[in-house]
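Worksheet: one structure, shown below.
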There are 2 protein chains.
Amino acid sequence: MPKSDQWTMKDVAQLAGVSIATVSRVLNHPEQVNRKTIERVKAALDSVSYSPNGWAQATARTGPPLVGLVLPDILNPFFAAVYVGMNEVLRAQGITLWMADSQNRVDYEREALETLQRYRAQGIVLIPTHSSANLATVYKMDAAVCVVDRKLQDNAWDLVVIDNLLGGRQATQLLIDAGHTRIAIITGPEASTSANDRYRGYLSAMEQNGLTVPEEYVKVGDFKQFSGFALGQALLQLPERPTAIFSCNNLMTMGLLEAIRASSGLDLGLGVAVVGFDEIPIATLVKPPLTVVASPVKELGVQAVRLILERIENPEKGRETVLLPPQLMIRGSERLTKSSQSVTTSSSQ
Amino acid sequence: MPKSDQWTMKDVAQLAGVSIATVSRVLNHPEQVNRKTIERVKAALDSVSYSPNGWAQATARTGPPLVGLVLPDILNPFFAAVYVGMNEVLRAQGITLWMADSQNRVDYEREALETLQRYRAQGIVLIPTHSSANLATVYKMDAAVCVVDRKLQDNAWDLVVIDNLLGGRQATQLLIDAGHTRIAIITGPEASTSANDRYRGYLSAMEQNGLTVPEEYVKVGDFKQFSGFALGQALLQLPERPTAIFSCNNLMTMGLLEAIRASSGLDLGLGVAVVGFDEIPIATLVKPPLTVVASPVKELGVQAVRLILERIENPEKGRETVLLPPQLMIRGSERLTKSSQSVTTSSSQ
DNA sequence: ATGAAAGCGCTAACAG
DNA sequence: CTGTTAGCGCTTTCAT
C-alpha cells in the first residue's frame with residue numbers, strides 16, 4: 001500500500017523547523033545535538049515514519065558493508081548451509097549478506113559477480129560453477145574474494161574446501177574394510193574439482209589395497225538426483241554387478257537409493273552396499289541407515305567469512321587455504337547383511 | 001586482490017579527454033554519441049576496467065528495480081523453492097532479487113523488512129514468521145507487499161497460499177478411505193495459520209465421517225524435524241495406538257519416519273500408516289513410498305511475483321488472494337500392508 | 001548547538 | 001554531437 005511518495009530528510013527538516021544537517025545529526029550523532037531539538041526532530045521523524053534512503057546514504061559515505069555469496073543452487077541443502085553459516089557471523093558484524101543463485105550457469109554467475117562489483121561489495125564468497133569460465137571476471141573484482149567448495153583453475157584466492165581426496169579415500173576404505181572388492185563409483189562432472197578429488201581418493205584407496213577398477217565401474221554423473229538414479233540402474237544391471245557403490249554427492253545418492261529400491265532382487269544392504277558423500281536428511285531413515293562422509297557444511301561458510309573479514313582488514317595478507325576434514329558417519333549401509341545370499345529368492349515370492 | 005581504489009567516471013572522462021556527461025552517454029545512450037568518440041571512451045573505460053557505482057546510479061535515478069524476499073528458513077526446501085520460482089521470473093524482467101533469512105525470528109524479520117524499506121524495494125514478498133508480530137512494520141512499507149504461504153492477522157495485502165484446509169481434509173480423507181478410524185495428527189505451532197488450517201481440515205474430515213478425535217491424538221509440534229520425532233514417539237506409545245498419522249509439514253514428517261523406524265514392532269505400513277503434508281525428497285525412497293499432499297512450491301513464488309508486478313504497475317489495484325490447490329501424491333503409505341496383524345510377533349523374534 | 005555549503009558518483013535536461 | 005549545469009538524498013566539514 002504505497003503511500004504518498006517517500007519522505008526525504010528535507011521534508012523532515014522543514015517539518016521540524018531545522019536544517020537538514022541537524023536532522024542528519026540526530027540520526028547519526030545525537031550526542032552533538034540539543035536534547036530539546038532532538039525531541040522536536042524525532043517527533044517529525046516518526047510523524048512521517050521516515051526511513052533513510054539507503055542508496056543515498058551509500059553514495060555519501062563509502063558504501064555500506066556488503067558481502068556477497070554466489071552459489072550454484074540454493075535448493076541444494078549443502079549450499080544453503082553455507083549461506084546459513086555465513087549469515088550467522090555476518091549478522092553479528094552488522095554486515096549485509098546478498099545471495100545470488102547462479103543456477104549452475106556461467107552466464108548467471110558472471111551477472112551476479114558484476115552486480116556485486118557494481119555495488120562495491122567488500123567481500124565475495126564464490127562457489128564456482130565452472131573452474132575457469134569466469135576467471136577473467138573474478139580477476140577484476142575489487143573485493144576480497146574467497147572461493148568455497150570447488151577450486152578454480154587459478155589458485156589465486158583464499159580457499160575453503162572439504163578435503164575431498166581424503167573423503168574419497170575414507171569412503172572407499174570403509175567399503176574395503178567391510179569386505180567388498182567389487183566397488184563401483186558414481187562420480188561428478190569432470191569440470192568439478194571436488195568430484196575429481198573424490199574420484200582420485202577412490203582410485204588411490206583401491207590401488208593401495210590391490211583392487212582393480214573395471215572401466216564399467218566408473219560412472220560419471222552430473223551431481224543431480226536423476227543421474228544417480230540412471231547410473232545406479234546401469235551399475236546394478238552389470239553382468240558382474242558391484243557389491244558396493246560409492247556415490248559422490250548428496251543428490252546422486254538419493255537417486256541411487258531410488259534405483260536400488262526400484263531394482264528387483266536387491267535392496268540396500270542386500271546385495272549392494274552404499275557409502276555416500278555428503279549428509280542427506282534421510283540418512284537415518286533408510287534401512288540400514290546410510291553411512292556417509294559428511295561435510296561440515298556450515299563451517300565452510302563460517303571459515304569463508306573469517307577469511308574475507310581478515311582480508312578486508314589487511315588486503316596484503318597472504319593467500320590462505322582452509323582444508324576441512326570430512327566426518328565419517330558410519331551407520332551400517334557400508335556392509336551387506338547376513339541374509340544377502342538369499343536375496344533373490346526371498347524377494348521374488 | 002583489491003587494486004588501487006576504484007575508478008570513477010571522472011577519471012575515465014579525463015583519460016578519454018571528454019566530459020563526464022559524454023562518458024555517461026556512451027554507457028547509457030550510445031546512439032547519441034559519435035562513433036569515434038565512443039571508441040575513445042570505450043578504450044579508456046576498459047583500460048581501467050571501469051564498473052559503474054551502483055549506489056550512485058541508484059540515487060541519481062529513481063533507484064533500481066529491487067524486489068525482496070523474506071523467508072523463515074532457507075534450509076527448508078519448501079521456502080528455497082519459492083526463491084527459485086521468484087528468481088526465474090524476476091531475472092527475465094531484469095529485476096534484482098534480494099533474499100533474507102529471518103531464521104523464524106521476528107526481530108530478524110523486522111530488520112530485514114527495514115533494510116528493504118531503506119533500499120526502497122519496489123516489492124516485498126514476505127513469508128511471515130508470526131501472524132502479527134511485525135504487522136506495524138509491514139504497514140509502513142512503501143513497497144508492494146505480497147504475503148506468501150502463511151497468513152497475517154490483518155488480511156490487507158496480496159496473498160498467495162496453499163489451500164491448507166482442503167489439503168488437510170484430503171490427507172485425512174485418504175486415510176479414512178484406506179480404512180483407518182484411529183487417526184492422529186502432528187500439527188504445527190498455534191501461531192501458524194497454515195498449521196491451523198491443516199488441522200481444521202483434519203477435524204472437518206473426521207467429523208464428516210463420524211470419527212472421534214481423542215485429545216491425545218492431537219500433537220502440536222514446531223514444524224521442525226525433532227518435534228516430529230518426539231511427538232511421533234509419543235503417539236506410537238499410546239495405549240490405544242493410532243493406526244494412521246497425518247503429519248503437517250515436511251520436516252516433521254521426516255522426524256516421524258525416524259520415530260517409526262526407531263520403534264520396535266512397527267514399521268511404515270506395518271501397524272502405522274502415514275500421510276504427510278509437503279513433498280519430501282525421500283518420499284519415493286521409503287517403503288512403501290510416502291503418500292503426501294504436495295504443495296506447488298515454485299508456483300507460490302511465481303504467483304507472488306506476478307501479483308507484485310501487477311501492483312507496481314497499478315498500485316490502486318484491489319487486493320488479491322491466490323489459493324493454490326495442493327496435489328495429492330498417492331503412493332501407498334496411507335494404508336497398512338496385509339501382514340500388519342502379525343507385526344508384533346514377527347518383529348519381536 | 002546549529003546552519004550553510006561542498007561533495008559523494010552518477011544522470012539528465014539544457015544549451016550550443 | 002558534446003559540454004555545462006543542476007540535481008538525487010544524504011553526510012560532513014566549516015563557520016558562527
Side-chain angles (χ1 to χ4, degrees), chain A residues 4-42 44-45 48-66 114-122 142, chain B residues 4-42 44-45 48-66 114-122 142:
Chain A
S4 60
D5 267 10
Q6 311 243 352
W7 300 95
T8 76
M9 260 174 89
K10 206 158 131 192
D11 300 322
V12 176
Q14 215 152 18
L15 257 174
V18 296
S19 88
I20 178 178
T22 303
V23 178
S24 173
R25 282 201 197 88
V26 331
L27 252 21
N28 304 304
H29 311 285
E31 69 282 359
Q32 302 175 9
V33 183
N34 187 316
R35 286 179 48 88
K36 286 184 70 175
T37 325
I38 293 190
E39 303 298 316
R40 203 144 38 92
V41 172
K42 280 207 166 148
L45 238 22
V48 299
S49 41
Y50 170 82
S51 157
N53 182 322
W55 305 98
Q57 274 182 318
T59 37
R61 312 191 215 207
T62 335
L66 168 69
E114 280 165 358
T115 302
L116 284 166
Q117 172 70 17
R118 274 215 314 284
Y119 292 112
R120 304 294 188 253
Q122 311 207 341
D142 279 315
Chain B
S4 60
D5 266 9
Q6 314 245 348
W7 300 95
T8 76
M9 260 175 84
K10 206 158 130 192
D11 300 321
V12 176
Q14 217 153 16
L15 257 173
V18 297
S19 86
I20 178 178
T22 303
V23 178
S24 173
R25 281 200 197 89
V26 331
L27 253 21
N28 303 305
H29 311 285
E31 69 282 358
Q32 302 174 7
V33 183
N34 187 315
R35 284 178 49 88
K36 285 184 71 174
T37 325
I38 293 191
E39 302 299 317
R40 201 143 39 90
V41 172
K42 280 208 166 146
L45 239 22
V48 299
S49 40
Y50 171 82
S51 156
N53 181 322
W55 305 99
Q57 272 182 321
T59 38
R61 312 191 214 209
T62 337
L66 168 69
E114 280 165 358
T115 301
L116 283 166
Q117 172 70 19
R118 274 214 314 284
Y119 292 112
R120 304 295 188 252
Q122 310 208 342
D142 279 316

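Just so you know, these numbers come straight off a predicted model, no measurement behind them. Reminder, nothing fancy here: chain letters follow the sequence lines and each chain counts from 1.
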Gap between atoms [atom1] and [atom2], on [X] and [N] respectively (whole Å):
| X | N | atom1 | atom2 | result |
| --- | --- | --- | --- | --- |
| B/Q57 | D/dG9 | CD | P | 16 Å |
| B/M9 | D/dG3 | CE | P | 12 Å |
| B/E39 | D/dC1 | CD | P | 14 Å |
| A/K10 | D/dT11 | NZ | C1' | 16 Å |
| A/Y119 | C/dC10 | OH | P | 12 Å |
| B/I20 | C/dC14 | CD1 | P | 19 Å |
| B/W55 | C/dG7 | CH2 | P | 24 Å |
| A/Q14 | D/dC10 | CD | P | 14 Å |

Please determine whether side chain to side chain contact (heavy atoms under 4.5 Å, CB included) holds for the pair A/T22 and A/R40, giving the CA-CA distance in whole Å, both sets of side-chain angles, and the decisive distance to 0.1 Å. CA-CA 11 Å; A/T22 303; A/R40 203 144 38 92; over 6 Å; no

Show the nearest heavy-atom pair for residues [X] and [Y], with the distance to one decimal.
| X | Y | answer |
| --- | --- | --- |
| A/M9 | A/I20 | CE-O, 3.2 Å |
| A/V26 | A/V41 | CG2-CG1, 3.6 Å |
| A/R120 | B/P52 | NH1-O, 3.5 Å |

Looking for any heavy atom pair under 4.0 Å, which part of the strands does A/V23 touch: base, sugar-phosphate only, or nothing?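 Answer is nothing: A/V23 stays at 4.0 Å or more from every strand.
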
Test log, rule side chain to side chain contact (heavy atoms under 4.5 Å, CB included), inputs A/V48 and A/L15: CA-CA 10 Å; A/V48 299; A/L15 257 174; 3.7 Å; yes

Describe, in one word, how the ring planes of A/W55 and B/W55 are oriented to each other, choosing from parallel (under 30°), tilted (30 to 60°) and perpendicular (over 60°).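 Because their plane-to-plane angle lies in the 30° to 60° range, the rings of A/W55 and B/W55 count as tilted.
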
5′-ward residue of the pair B/A21/A/Y50 relative to DNA chain D: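 So the residue in question is B/A21.
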
Any residue of residues 24-36 of chain A with a heavy atom less than 4.0 Å from an atom of DNA chain D: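 Residues of residues 24-36 of chain A under 4.0 Å from DNA chain D: A/S24, A/R25, A/N28, A/H29.
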
